[in-house]
Amino acid sequence: MTISRRRMLSGLGLSLPLGLTLAGCAAAPTRVPHLLRLEADPEPELGAVTDLSAAPVWHLQRVQLPAYLDRELVLAGQGAGALQALPEVRWAEPLAEAVPRLLRRDLARAAAEAGQPAQVWGAALPAGLRAALRLRIDIERLEADRGAGRMRLAAIWGVSDPAGRQAARAGQLELAEPLAGDSSAEALVAAHRRVLQRLAQAVAASCLRAAQPSAG
């Protein structure tokens with residue numbers, strides 16, 4: 001509001017609260033949230049190239065997450081089914097994008113560590129590739145319980161052979177991973193990674209069993 005306008009109102013016997021007259025002069029500073037991202041550690045050596053041309057293709061067609069995780073808030077359990085958003089922190093990318101990407105990398109790493117490398121692709125296969133196995137993963141629970149000091153995950157998955165040569169397989173996993181040290185945002189991120197890695201190892205084991213030739 002200009003000085004001349006305030007003088008005019010004063011002459012008319014009118015006045016405005018101080019808060020209103022100052023509202024247009026200064027705005028409260030906006031606090032930028034601290035962004036967190038799930039790391040795909042450990043990273044390979046820079047420049048390392050692995051030829052996977054002859055490796056079978058695992059097609060991860062779907063990773064389903066609970067609807068309550070479809071947001072940028074970092075949530076933690078508070079007991080009795082309650083969830084609370086951690087203040088001043090946000091996910092740097094949606095979990096619906098980060099979790100499938102990391103699971104693909106973790107699946108490929110688990111297969112390589114088992115001595116049976118695989119190509120793990122997402123929703124769309126590149127032209128010329130055919131899936132040896134198709135995978136679907138439904139994550140039913142993925143949350144930290146700070147009161148109990150644990151990270152909880154519940155998931156089911158299915159593995160099928162598109163050619164019908166092997167019987168379809170299904171698996172289920174429920175686990176509670178201790179929160180290391182404290183319940184800070186960084187500790188919650190690390191706990192998310194550990195449970196996702198354990199899930200990928202379990203799914204990879206199902207895939208490797210499904211890839212074995214049937215007896216007889």
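L125 and L133 fall into different hydrophobic clusters, where Ile, Leu, Val, Met, Phe, Trp and Tyr residues are linked whenever their side-chain heavy atoms come under 4.5 Å apart, directly or through other members. Under a hydrophobic clustering in which Ile, Leu, Val, Met, Phe, Trp and Tyr are joined whenever their side-chain heavy atoms come within less than 4.5 Å, directly or via other members, L75 and L153 fall into the same cluster. Tracing side-chain contacts under 4.5 Å through hydrophobic residues (I, L, V, M, F, W, Y), one reaches L175 starting from L95; they form part of the same cluster.
Counting only residues at least two apart or on different chains, the salt bridge (charged side-chain N to carboxylate O under 4.0 Å, His left out) pairs with a member in residues 61-73 are R62-D138, E72-R90.
Closest heavy-atom contact between D161 and A132: OD1-O, 3.5 Å. Residue P178 comes nearest to R150 through the heavy atom pair CG-NH1, 3.9 Å, listed as atom of the first residue, atom of the second, then distance. Taking every heavy atom of both residues into account, A176 and R152 meet most closely at CB-NH1, 3.7 Å. Heavy atoms only, all atoms of each residue included: L38 and R193 are closest at CB-CD, 3.9 Å. For A85 against L73, the heavy-atom pair with the smallest separation is CB-CD1, 4.0 Å. Between P117 and P56 the shortest heavy-atom distance is O-CD, 3.4 Å.
With rounding to the nearest 0.5 Å, the separation of NE2 in H192 from CD in Q197 is 13.0 Å. A distance of 10.5 Å separates CD1 in I156 from CD in Q64, rounded to the nearest 0.5 Å. The distance from atom CD1 of I139 to atom CG of L196, rounded to the nearest 0.5 Å, is 5.5 Å. The distance from atom CG of L173 to atom CD of Q201, rounded to the nearest 0.5 Å, is 10.0 Å. Rounding to the nearest 0.5 Å places OG of S206 at 10.0 Å from CD1 of I137. To the nearest 0.5 Å, the span separating CG on L60 from CZ on R101 amounts to 13.0 Å.
Residues V89 and P33 fail the side-chain proximity criterion, which asks for heavy atoms closer than 4.5 Å. By the 4.5 Å heavy-atom criterion applied to side chains, M151 and L179 are counted as neighbours. The shortest distance between side-chain heavy atoms of R146 and L86 falls below 4.5 Å. Proximity of V203 to L103: side-chain heavy atoms (C-beta onward) are nowhere separated by under 4.5 Å. Within the 4.5 Å cutoff, no side-chain heavy atoms of R104 are placed close to those of W58. Counting heavy atoms from C-beta outward, R134 and P162 have side chains that approach closer than 4.5 Å. Taking 4.5 Å as the limit, some side-chain heavy atom of L135 sits within range of a side-chain heavy atom of L107.
Residues E93 and W91 bring no donor and acceptor atom of their side chains to less than 3.5 Å of each other.
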Practice item. Test L199 against W157 for side chain to side chain contact (heavy atoms under 4.5 Å, CB included), laying out the working first. Key: CA-CA 10 Å; L199 172 60; W157 64 89; 4.0 Å; yes
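Formation of a donor-acceptor pair under 3.5 Å by the H59 side chain with backbone atoms of A123 is found in this model. A donor-acceptor contact shorter than 3.5 Å links the side chain of Q119 to the backbone of L52. Side-chain N or O atoms of Q116 include none that pairs as donor or acceptor with a backbone N or O of A111 at under 3.5 Å.
Taking 4.0 Å as the cut-off between side-chain N and carboxylate O, E177 and R194 count as a salt-bridged pair.
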